[in-house]
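One structure below.
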Amino acid sequence: MFPQDGHDPAMSRRRRRAVLLGRSVEREALDELLAGGRVGVSGALVLRGEAGIGKTALLDYALAQAGDCRIVQAAGVEAESELAFAGLHQICAPALDRLDRLPAQQGRALSTAFGLSAGEAPDLFMVGLGVLGLLAGFADEQPVVCVVDDVQWLDKASAQVLGFVARRLRTESLIMIFAVRGDVDTDDIPELRGLPAMIVTGLSDEHSRALLASTFLGRVDERVLDRIIAECHGNPLALTELPRGFTAAELGGGFGFPSRSALPRRIEESFRRQIAALAPNVRMLLLVAAVEPLGDPVLVWGALTRMGVPVDSHLSASWAAAEFVDFGFGVRFRHPLLRSAVYRAASAAERRQAHAALADTMVTGLDPDRRAWHRAQAAAGPDEDVATELQTSAARAQTRGGFAAAGAFLERAAELTPDPTRRASRLLAAAQARHVGGAPDAALRLLALAEADHSSELDRARADLLRADIAFTVERGRETADLFLRAASRLEPLDVGLARSTYLDALRAAWYASDSGSSGTLGDVARAAVAAPVATPPARPSDLLLDGLAVRYTAGFAAAVPKMREALKAFQNPELANEESLRWMWFASSIATDLCEDDAADALTGNYVRLARESGALAGLPLALTTRILMHLFAGDLSEASVLIMELDDVADGTGIPVPGYMALLLAAWQGDETRTTELAAVSTADARRRGEGLAPAIVGWAQALLYNSVGRFGEALKAAQLTIQSSLEPGVLTGAPLVELIIAAARSGQPAVGADALERLSTSTQACGTDWALGMEACCRAMLTTGARAEDSYVEAIERLNRTKIRPLTARAHLYYGEWLWELDRRDDGRGQLRTAYDMFTAMGMEAFAATAAHRLDINVRQRPGNAGPLTPQETHIVKLTREGLSNAEIGTRLFISPRTVEWHLSKIFAKLGITSRRQLRR
């Protein structure tokens, strides 16, 4: 199914035999990897080393040893490093007829990525899952060995997808081996981060001398040999290629040997000397082959003819170039450095001529993007026709999810644009594409160029907005809200709708920054939003949202409740456009939680995650998962929260979007895990301090207060909660939840006055909300601070109200505190019933510290308690849940970012643990 590149077998054998001298450690590692693949154990390995050190030869060795496996090959090509999915296409092209066997969403993503069908830009995760499914499908028939050479020249999208796939290998009988220039300590290929790596070092002096002996045909001065060995540092390519550019006399006396420059540069210089000795038509052939990265002989010969090389001399030229290029099914240089050496040896005019000839040779419409790229490289100066063609290619690249490619097309289009205003607009579009493609530094560089040019006022405002977007994605620091405010102010007279949306972005940024010292506080943004132009009727849900938030942060929480509820209702409309939902659902979900509307919060957060998954909007999935995890924590679904935190980590890993560890911190506190809570609190605090984010103290203090209350260290809980509750924080979940901890800690540590002040502050929002969650929470806190019949009435009210909600942890705590209160009054039988209810609830939820508190009163041995969750891991528990919902292995794999084969492997372990044999039994 996957044909290998044609090449000269004798040349390959010569390279393999020479460079594998002494490679026992590397061969053993590769043999072990391949052996695992044959018995169903997948694995990956990254070979790192300098140019010419022998990485490609080791890949050749692995392929030779994998004769009984299906072979998949790809190689990065420098000239194609800006073309989205160019590298991935080498792997998948022969198997695209199997797309219909993948889950529909994955098949559509791959089809769109490769330009086989039109559609919205596919998400890289969906593309990655499609490739994983495609390769795993082949591995069902026969073990698969996938080798990828020159990863440093892969386009970013392909590298991200292949790294994603490699990190999710489990039991597919799939082996992936990468070769990349660099050493183990470098991070120049972040897409391969986390994979097992091996550094390929130079040959020993003994093996270097043996290699040289097989290369030289005549006598060589021993002193020259010693110098070559010393200066080549065991690099096989240097040992075989450097001497080729010198005469026997030079080698005999050592005259003319290269100076002490960087080794790859010296290797390339050796190639250039060899190229310079060739006939002009042979050099022209090599140049066209270097410019044409696909290795298509038809294109190469056609371009040569257009450049004036007679057809009858093509064959002789190819024979003369055989030392440099393999001619088989395609045209392949025997080493990547040769391609760059040929290209750099040519003059700028010669390179333009080669690009122009290839563009003219390509059939119009067959591969328009490569044709446009060749035309762009052939242009000697501004050319609006070519720039327009590149802009069209950029649009096609974006529809396939190739934002890095779109950025490259647009940047080159800008360079060729004669009109200054249009050039600035294209630079801005290039910056936007680079940002979405995950290259913020490149985006900022292009932004600076756009702003220095003759930008329109709208483009300058959009540039401000993009700069703010980049800052929020990368840092979420104290200056981000100011950047959004500036952009919104410039947009007001130009685009009211976009300006209002930008004010919402500014509010989100200010919420994350909290009161961290910048001028862009929630109050600053809200006052600017109040003064902004009103929405054009009919008001969008986002307009209702902005109006409600503007009132909240100027007139107060209670005054804003009606408007916020109106916005919530709009976001619960099933006819709401997905794009509008996705962009602002974070705010809607947060408002639902702040209003203590548990049903609305549950529905909105669930819908938020569903939309993000179904649309493939992975850039927005981290925020969606965060809101859903928080709702699971409030509802006591700690197992589900744990699984989603694993997914959140996978998303961060796959997209490169930094995700603070707040949810993992809160989960650890809910579970009563003091060690992990302490560790994560320190990490979150340090990370937030580095980024200038003000949100961390509130969340860290909340988590610590909750933990300390759960283990009975009420003085420490009070201190943590007091540090969390800042006067500048508005009512909401980050104020209400810590206030609860503060009130409980104050009541238990003998400081009722402190608790009473906190209760008064809490009641301003709970009374305004008026829900069972809000009023039940207030009643529980009031009971902790009162005595006698009033306390009992408050406990009963709290339990009755909270039992009508999804908020099980707080309900269990109300039972616990009521039981303890009854116990202290010597009403042991009544208290035991409340404590037993609390214990059973805490145990079922996995809230270990609170369960231990109840168990202590009941004199229960916690280690022998009933209702243990069993031996299933969080991921296995999630797989059970999805299986019971009727999802297939492929659908479960899509949800959990693993292959169907790995799902099957997990199910076999689950069946063994539960003592069952089928999915039907699992459902029962």
Side-chain angles (χ1 to χ4, degrees), residues 167-168 193-194 475-476 511-512 514 586 589-590 593 601 605 608-609 612 618 620-691 693-711 717 720 724 733-734 737-738 741 808-809 842 845-850 869 872-878 881 895-898:
R167 278 187 290 273
R168 279 149 188 84
R193 188 180 300 147
E475 295 291 341
R476 297 182 185 174
W511 187 85
Y512 269 95
S514 189
W586 177 85
S589 300
S590 298
T593 307
T605 58
Y608 190 6
V609 172
L618 267 295
L621 187 53
L623 280 177
L625 288 171
T626 297
T627 63
R628 188 61 177 162
I629 292 165
L630 189 60
M631 184 59 208
H632 281 313
L633 292 176
F634 278 124
D637 297 327
L638 305 193
S639 178
E640 187 73 10
S642 177
V643 171
L644 293 186
I645 287 171
M646 292 170 57
E647 182 177 342
L648 187 64
D649 291 339
D650 282 340
V651 173
D653 176 50
T655 62
I657 298 172
V659 177
Y662 299 147
M663 294 301 104
L665 168 63
L666 289 172
L667 174 63
W670 246 271
Q671 292 171 329
D673 188 335
E674 183 173 357
T675 300
R676 183 154 176 77
T677 301
T678 303
E679 292 174 353
L680 291 173
V683 170
S684 296
T685 300
D687 182 56
R689 187 179 296 117
R690 177 188 60 80
R691 291 182 287 108
E693 180 181 304
L695 183 63
I699 295 179
V700 169
W702 172 20
Q704 291 174 327
L706 173 63
L707 174 75
Y708 294 141
N709 274 332
S710 72
V711 296
T724 299
V733 65
L734 290 185
E741 304 306 328
R808 293 187 298 156
F842 287 133
M845 291 183 286
M847 297 180 67
E848 304 290 345
F850 280 113
L872 299 184
T873 66
Q875 188 168 52
E876 289 169 345
T877 303
H878 201 190
K881 177 178 178 293
R895 182 74 64 85
L896 301 183
F897 309 117
I898 55 180

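Residue numbers start at 1 and run along the sequence shown. Not measured: the values here are computed from a predicted model.
Between V643 and T877 the shortest side-chain heavy-atom distance does not fall below 4.5 Å. When side chains are defined from C-beta on, Q671 does not count as touching R676, because their heavy atoms never get closer than 4.5 Å. Within the 4.5 Å cutoff, the side chain of T685 has no heavy atoms near those of the P697 side chain.
To the nearest 0.5 Å, atom CG of residue L630 and atom OG1 of residue T593 are 6.0 Å apart. Considering CD1 of I699 and OG1 of T724, their distance stands at 10.0 Å, rounded to 0.5 Å. In this structure, CG on L666 lies 8.5 Å from CD1 on I645, to the nearest 0.5 angstrom. Taking CG of L667 as the start and CG of L633 as the end, the distance is 6.0 Å to the nearest 0.5 Å. Atom CG of L625 is separated from atom CD of E647 by 4.5 Å, given to the nearest 0.5 angstrom. Note that the OH atom of Y608 and the CG atom of L621 stand 8.5 Å from one another [nearest 0.5 Å].
The salt bridge (charged side-chain N to carboxylate O under 4.0 Å, His left out) pairs that include a residue from residues 620-629 are D602-R628, where partners are two or more places apart or lie in different chains.
The aromatic rings of F634 and W670 lie perpendicular to each other, with more than 60° between the two planes, well past the 30° mark.
For the pair N709 (side chain) and E741 (backbone), a donor-acceptor distance under 3.5 Å is present. Distance alone, capped at 3.5 Å, is enough to place a donor-acceptor pair between the T678 side chain and the E674 backbone. Remark: the backbone N or O of A624 is paired with a side-chain donor or acceptor of T627 at under 3.5 angstrom.
When every heavy atom of A705 is checked against every heavy atom of A720, the shortest pair comes out as N-CB, 3.9 Å. Here the closest heavy-atom approach between residue A703 and residue L665 is recorded as CB-CG, 3.7 Å. F842 and P809 get closest at one heavy-atom pair: CE2-O, 4.1 Å. Nearest heavy-atom pair, S710 versus A849, reported as atom, atom and distance to 0.1 Å: OG-CB, 3.4 Å. In plain terms, the two heavy atoms of A641 and H632 that are nearest each other are CB-CB, 4.0 Å. Across all non-hydrogen atoms, the minimal contact from A668 to L680 is CB-CD1, 4.5 Å.
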Under the side chain to side chain contact (heavy atoms under 4.5 Å, CB included) rule, what do D637 and R808 come out as? Steps first, then yes or no, please.
CA-CA 9 Å; D637 297 327; R808 293 187 298 156; 3.0 Å; yes
